[in-house]
Asks: 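Next up is a structure, given as C-alpha cells.
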Amino acid sequence: MKLTNLQLYKLDRGLGELVQLKVKGGFKFKIYKMVKQLSDCLEPVQEALKGIEDTDERIEILNETQEVHFDKFQLHEIEVLEISTETVINLEPIIDFEGDENV
C-alpha cells in the first residue's frame, strides 16, 4: 500500500498508544513487528526533515508517499482494547474493516 509520510507519522502515534497497553498472546509481537517496520520507514523522513524550517518544504516532504507493507490488524484483535477513536483513525490504514457489517 502507498501511504504518505504524514500517514506514517499518524500510524506512529496510534501504535505508540498500543505499545502502552497490556496485551496478551501473540498480538504484542504483531505490534512489535509493526513498530519496527514503521521505525525503518520513518528514519529517512526524519533525516530529510532535519534542519528544514520552511513550512512549504516540510509539507512537501510529509506529502511524499512510500510503498509499505504491513500486516493489517483484524477487528477482533483491536476491538477488545480500550483505545480512543483518535487512535482508530490514526491506525485506519492498517485495520482490516472488510467483512464487518457494523463498521
Asks: If you count the non-hydrogen atoms of other residues, nucleotides and ligands that lie under 6.0 Å from CD in Gln46, is the total more than 12?
Replies: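 Above 12, so yes.
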Asks: Gln66 side chain to Cys41 main-chain N or O, any donor-acceptor pair under 3.5 Å?
Replies: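 Side chain of Gln66 to backbone of Cys41: a pair is present.
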Asks: Atom CD1 of Ile31 and atom CG of Leu81: how far apart are they, to the nearest 0.5 Å?
Replies: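 Separation between the atoms: 7.0 Å.
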Asks: Suppose we screen for salt bridge (charged side-chain N to carboxylate O under 4.0 Å, His left out). Which residues come up paired with Lys36, at least two apart in sequence or across chains?
Replies: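 So Lys36 forms a salt bridge (charged side-chain N to carboxylate O under 4.0 Å, His left out) with Asp40.
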Asks: Do other residues, nucleotides or ligands put more than 12 heavy atoms under 6.0 Å from Lys28 NZ?
Replies: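 Enclosed: over 12 neighbouring heavy atoms sit under 6.0 Å from NZ of Lys28.
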Asks: Restricting to salt bridge (charged side-chain N to carboxylate O under 4.0 Å, His left out), what partner residues turn up for Lys30, sequence neighbours left out?
Replies: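 With sequence neighbours excluded, Lys30 shows a salt bridge (charged side-chain N to carboxylate O under 4.0 Å, His left out) to Glu77, given in chain and number order.
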Asks: Around Glu67, counting heavy atoms of other residues, nucleotides and ligands shown, do more than 12 lie under 6.0 Å from its CD?
Replies: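 Enclosed.
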Asks: Leu11 and Leu3: which non-hydrogen atoms are nearest, and at how many Å?
Replies: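 Looks like CD1-CD1, 3.7 Å.
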Asks: Could you tell me which non-hydrogen atom of Ile52 sits nearest to which non-hydrogen atom of Ile61, and how far apart they are?
Replies: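 So the minimum-distance heavy-atom pair works out to CD1-CD1, 3.5 Å.
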Asks: On a heavy-atom basis, which atom in Glu17 and which in Glu82 lie closest, and how many Å separate them?
Replies: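 Looking at all heavy atoms of both residues, the shortest contact is OE2-O, 4.3 Å.
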Asks: Under the side chain to side chain donor-acceptor pair (under 3.5 Å) test, which residues partner Glu47, sequence neighbours left out?
Replies: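 Partners of Glu47 by the side chain to side chain donor-acceptor pair (under 3.5 Å) criterion, ordered by chain and then number, come out as Lys50.
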Asks: Quick one: are Asp96 and Leu75 in side-chain contact, heavy atoms under 4.5 Å?
Replies: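 Sidechains of Leu75 and Asp96: no contact.
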Asks: Decide yes or no for Arg58 and Leu49: does some side-chain heavy atom of the first lie under 4.5 Å from some side-chain heavy atom of the second?
Replies: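 When only atoms from C-beta onward are counted, Leu49 and Arg58 do touch, with a gap below 4.5 Å.
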Asks: For a quick test of reading the model, state the closest non-hydrogen atom pair linking Gly14 to Thr87 and the distance between them.
Replies: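 Heavy atoms of Gly14 and Thr87 come nearest at O-CG2, 3.8 Å.
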Asks: Using the side chain to side chain donor-acceptor pair (under 3.5 Å) criterion, which residues pair with Lys72? Sequence neighbours excluded.
Replies: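 With neighbours one apart ignored, the set is empty.
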Asks: Name all pairs fulfilling the ring-ring contact (aromatic ring centres under 6.0 Å, His included) condition that reach into residues 14-73, sequence neighbours left out, sorted by first residue then second.
Replies: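 Passing the test, one end in residues 14-73: Phe27-Phe73.
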Asks: Per the side-chain contact (heavy atoms from CB on, under 4.5 Å) rule, which among Leu42, Leu62, Thr65 passes with Leu8?
Replies: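 In the set Leu42, Leu62, Thr65, the residue that makes a side-chain contact (heavy atoms from CB on, under 4.5 Å) with Leu8 is Leu42.
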Asks: Under 3.5 Å, side chain of Glu64 to main-chain N/O of Thr4, donor-acceptor pair present?
Replies: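 Pair absent, no side-chain N/O of Glu64 close to backbone of Thr4.
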Asks: Out of curiosity, does Met34 fall in the hydrophobic cluster containing Ile89 (side-chain heavy atoms, cut-off under 4.5 Å, transitive links)?
Replies: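 No, because Ile89 and Met34 fall into different hydrophobic clusters, even though each may have its own neighbours under 4.5 Å.
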Asks: The test is side-chain contact (heavy atoms from CB on, under 4.5 Å); show your working for Lys10 and Arg13 and say whether it passes.
Replies: CA-CA 5 Å; Lys10 288 181 179 183; Arg13 274 191 295 208; 3.3 Å; yes
Asks: Do Ile83 and Leu21 have side chains that approach each other closer than 4.5 Å (heavy atoms only, starting at C-beta)?
Replies: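 Yes, at least one pair of side-chain atoms sits under 4.5 Å.
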Asks: Partners of Asn90 by side chain to side chain donor-acceptor pair (under 3.5 Å), sequence neighbours excluded?
Replies: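 Asn90: no side chain to side chain donor-acceptor pair (under 3.5 Å) contacts found.
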